[in-house]
Amino acid sequence: MEITQLIREQVVKAVDQLYSHTVDTSSLLVSPTRKEFEGDYTLVVFPFTKAAKKGPADIAKEIGDFLTSEVKEITGYNIIKGFLNLNVVNAYWSKYLNDLYHQEDFGQHAPNGRKVIVEYSSPNTNKPLHLGHMRNILLGWASSKIIAKAGNEVIKTQIINDRGIHICKSMIAWQLYGNGETPETNGTKGDHLVGKYYVEFNKKDKEQSAILPKEQESEIMLQARELLKKWEANDPATIEMWKTMNGWVYAGFNQTYENLGVTFDVVYYESETYLLGKDIIIKGLENGVFYQKEDGSVWIDLEDVKLDHKLVLRSDGTSVYMTQDIGTAKKRYEDYQMDGMTYVVGDEQNYHFKALFEILKKLKEPFAENLHHLSYGMVNLPHGKMKSREGTVVDADDLIKEVIGEVEQESKERGELDASEEEKQDIWRIVGLGALKYHLLKVNPKKPMVFDPKESVDLQGQTGPYIQYAYVRIQGILRKLDEEVNFEHVVNYQEIEPQEKHVLLLLQQYPGIIQRAANNFDPSEIAHYCYDVASAFHKFLHDVQVLTANTSEAKAFRLMLCKTTGNILKSAFALLGIEMPKRM
RNA sequence: GGUCCAGUAGCUCAGCUGGAUAGAGCAACAGACUUCUAAUCUGUAGGUCCCAGGUUCGAAUCCUGGCUGGAUCACCA
């Protein structure tokens with residue numbers, strides 16, 4: 001059993017016996033003792049003053065005496081103000097390490113029978129992915145891994161916004177100015193090529209609009225609208241061009257996804273789902289969930305949940321965004337019978353998702369009680385917002401290439417790496433991506449973040465490479481190990497150093513951290529945990545000798561600690577979608 | 001105007017259901033490589049936790065009011 005749980009249970013018993021007062025284990029505050037004080041775990045006793053009718057110091061003493069006599073793992077205590085600092089016997093820690101070492105896939109929670117869909121990325125097909133998408137994609141990937149680790153079955157999906165006026169804009173510009181250019185003929189990645197014509201469209205549109213009255217739309221805009229009409233009428237030539245250009249974009253997206261190491265279990269296309277949902281509206285109209293205005297438009301009243309009236313069907317009977325989302329959710333339920341769903345979407349859509357979830361509740365969909373919007377803040381650059389029109393967008397592919405290049409250069413300056421050219425390339429890729437991903441994931445999702453490209457390739461301090469380096473040092477030690485080590489006596493090892501205990505204390509928290517990160521939909525908690533572990537480990541490695549330890553028992557204990565730390569760091573980084581290099 | 005989110009060191013961020021003297025990293029300065037990889041470690045300096053009230057033994061954290069920045073409230077997606 002985890003020691004904090006044991007302490008909690010015994011404190012409950014103590015309070016009951018001493019003061020005839022019942023407390024709940026979960027309400028107790030037991031936390032690792034702050035490093036400036038002596039002890040391993042601290043109990044805050046202030047909350048008992050009322051029930052005990054005594055001062056905190058007396059209560060701490062009585063509970064401390066109770067615990068030391070009743071719990072063999074507790075060997076002593078000290079009291080500072082209302083804080084009871086407990087000492088845990090060293091044997092507990094060595095036994096705990098031994099258990100951890102032999103446990104397979106530590107941190108994985110038992111299956112809870114729940115199935116969850118995580119939707120993320122969901123790009124438009126008219127331009128390449130940029131930094132904002134990257135935050136989305138990394139958050140989506142990490143949270144689906146974390147949710148799965150917490151015991152849920154997870155289905156990862158994206159909905160591709162492959163139809164609409166935006167893609168028609170790229171299409172018309174390509175038709176007018178492209179001269180039949182393809183990714184093959186000019187060697188450009190497909191999404192970038194299509195994006196180029198989207199930019200071209202905007203340029204022409206601006207030029208043409210400049211000489212027209214305010215209200216009047218440009219020639220090229222009218223042409224794009226014409227194209228959308230043709231698409232909706234299933235015009236063969238238009239559909240053909242649409243398929244071709246989207247195909248280019250998908251090839252490009254897939255390459256970026258592959259570079260980022262992310263996958264999807266199922267992909268939905270808006271062109272196939274945008275008509276869904278109407279029948280649900282009609283049915284909901286019949287049983288009074290929705291109401292119809294005189295012009296024929298259909299609405300829902302969400303004032304009871306402090307939202308507005310929301311349109312769900314236009315007066316001409318066509319669907320809106322909300323209609324589609326209702327339909328898509330329902331379709332997913334038909335496909336997978338999920339218990340809940342998580343949408344990874346920027347916080348500018350908070351209102352939309354609140355409304356969507358309320359509507360699904362009113363429709364009494366079986367999954368409606370477990371919907372979550374993983375809402376994340378905008379990614380800003382040091383000098384302000386990203387704006388495509390001003391050319392200040394950070395392209396995902398460029399960024400990936402850049403960080404890997406930086407790492408390569410830095411690595412070369414640090415001296416020759418003992419590895420083949422191929423291995424080196426792989427190391428630089430892992431470290432570069434590690435830096436970038438960690439940089440984006442360490443920030444709490446709901447906070448808007450400032451992305452400084454220079455800082456994203458930092459290799460020192462609270463960064464991905466710092467954590468990877470801890471893993472690399474462990475591998476180095478294991479490589480140097482040239483004799484058999486007898487791990488049998490680790491269970492009884494007594495001479496535990498504070499640095500070692502600190503690492504162990506953190507390792508013990510791993511399953512709990514996973515649970516919390518899953519509950520909060522917050523990968524940054526994993527990121528910070530990894531840093532804490534790596535930091536404690538670097539300190540341990542600096543202060544304590546492993547291979548040249550004084551006794552064989554100490555050596556075995558420390559090696560076991562190294563291996564276990566390495567496994568947990570690798571496991572936790574995998575949750576963030578970050579690989580570990582063997583050397584760097 | 002309504003709603004939501006954010007505001008903590010020069011910068012980027014932590015701070016769990018309210019708990020000890022508010023913590024890290026970067027940048028600055030000063031140290032530690034003949035040693036398991038110094039992509040590391042140690043130290044110095046840096047704070048009106050946006051402001052004002054309130055609740056509490058105790059508030060960065062909870063409540064109320066305000067300030068600043070952002071988003072949103074479309075028969076757009």
Side-chain angles (χ1 to χ4, degrees), chain A residues 26-29 31 33-34 36-37 42 44-47 49-50 55-56 80-83 85 124 161 163-166 270 274 293 295-299 306-308 310-316 318-322 324-325 346-352 354-355 375 377-378 380 382 385 407 410-411 414-415 417-418 431 435 439 442-444 446-452 454-455 458-463 465-470 472-481 512-513 516 520 524-525 527-528 531-532 534-535 538-539 541-549 558 562 583-584:
Chain A
S26 58
S27 71
L28 295 174
L29 204 76
S31 51
T33 302
R34 299 178 62 133
E36 57 268 35
F37 302 102
T42 297
V44 183
V45 300
F46 285 107
T49 48
K50 261 190 198 140
I80 297 170
K81 295 199 244 171
F83 300 88
N85 300 323
N124 290 349
N161 301 311
R163 49 136 255 135
I165 192 68
H166 51 84
E270 200 196 295
Y274 82 111
K293 285 191 181 172
D295 62 3
S297 59
V298 181
W299 298 71
K306 284 170 73 179
L307 297 174
D308 232 324
K310 197 81 193 166
L311 177 88
V312 290
L313 210 57
R314 292 194 187 104
S315 51
D316 63 2
T318 56
S319 56
V320 290
Y321 184 37
M322 188 62 84
Q324 296 173 36
D325 270 2
D347 62 7
E348 69 273 12
Q349 294 198 37
N350 282 354
Y351 187 86
H352 171 77
K354 242 189 213 171
S375 153
M378 196 179 300
N380 295 314
K385 286 188 189 181
V407 168
E410 182 74 17
S411 168
R414 281 168 199 271
L417 203 57
D418 177 25
V431 175
H439 189 71
K442 73 176 175 187
V443 181
N444 187 320
K446 67 180 174 186
K447 285 202 179 186
M449 67 177 288
V450 178
F451 183 92
D452 187 340
K454 267 186 279 167
E455 285 175 16
D458 274 349
L459 308 175
Q460 281 149 23
Q462 195 188 6
T463 64
Y466 173 94
I467 296 158
Q468 289 173 323
Y469 184 59
V472 164
R473 292 178 87 180
I474 293 167
Q475 303 316 304
I477 289 171
L478 296 178
R479 264 197 304 274
K480 283 237 165 136
L481 182 64
I513 297 281
R516 212 175 73 195
N520 298 342
S524 74
E525 296 187 12
H528 289 286
Y531 175 73
D532 291 342
S535 171
H538 278 308
K539 170 94 173 115
L541 223 49
H542 180 265
D543 295 350
V544 178
Q545 288 297 305
V546 178
L547 292 177
T548 50
R558 289 168 193 171
C562 286
R583 56 185 87 207
M584 62 195 273

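Both backbone and side-chain heavy atoms feed into the values below; hydrogens, waters and symmetry mates do not. Labels below follow one simple rule: chain letters A, B, ... track the order of the sequence lines, proteins then strands, and each chain is numbered from 1.
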Should [X] be listed as having a side-chain N or O under 4.0 Å from OP1 or OP2 of [N]?
X         : N      : value
Tyr531(A) : G15(B) : no
Arg516(A) : C16(B) : no
Arg583(A) : A39(B) : no
Lys310(A) : A74(B) : no
Lys81(A)  : U21(B) : yes
Lys446(A) : A6(B)  : yes
Arg314(A) : A74(B) : no

Of the listed nucleotides [options], the one nearest the side chain of [X]:
X         : options                : answer
Lys539(A) : U42(B), A77(B), C26(B) : U42(B)
Phe37(A)  : C41(B), U21(B), C36(B) : U21(B)
Tyr351(A) : A77(B), U72(B), A39(B) : U72(B)
Val546(A) : C36(B), U72(B), A39(B) : C36(B)

Hey, which of these two, Leu313(A) or Ala534(A), hits RNA chain B nearer its 5' end, going by closest nucleotide?
Ala534(A)

Hey, which sits more toward the 5' end of RNA chain B by its nearest nucleotide, Gln462(A) or Ser535(A)?
Gln462(A)

Side chain Asp347(A) and base A6(B) donor-acceptor under 3.5 Å
no

Base of A39(B) paired with side chain of Thr463(A) (donor-acceptor, under 3.5 Å)
no

Once you apply a heavy-atom cut-off of 4.0 Å, does [X] come out as touching a base, just sugar-phosphate, or nothing?
X         : value
Gln545(A) : base
Phe46(A)  : base
Arg473(A) : sugar-phosphate
Val320(A) : sugar-phosphate
Asn161(A) : nothing
Asn124(A) : nothing
Tyr466(A) : sugar-phosphate
Thr42(A)  : base
Ile165(A) : nothing
Val443(A) : sugar-phosphate
Pro47(A)  : base
Asn85(A)  : base
Val312(A) : nothing

Between [M] and [N] - [atom1] atom distance, rounded Å:
N      : M      : atom1 : result
U44(B) : A6(B)  : P     : 34 Å
C49(B) : G7(B)  : C1'   : 10 Å
C50(B) : C13(B) : P     : 15 Å
A59(B) : U8(B)  : C1'   : 14 Å
A20(B) : A38(B) : C1'   : 35 Å
C51(B) : U68(B) : P     : 15 Å
C63(B) : G31(B) : C1'   : 49 Å

Considering Watson-Crick and G-U wobble pairs with both distances under 3.5 Å, what does A28(B) pair with?
U44(B)

Watson-Crick or G-U wobble partner of C62(B), both distances under 3.5 Å:
G54(B)

Can you see whether His352(A) engages Asp325(A) through a side-chain donor-acceptor pair at a distance of less than 3.5 angstrom?
yes

Under 3.5 Å, is there a donor on one side chain and an acceptor on the other for Ser375(A) and Asn350(A)?
yes

Asp543(A) atom CG is separated from U35(B) atom P, nearest whole Å, by 18 Å

Whole Å only: how far is the CG atom of Asp308(A) from the P atom of G1(B)?
17 Å

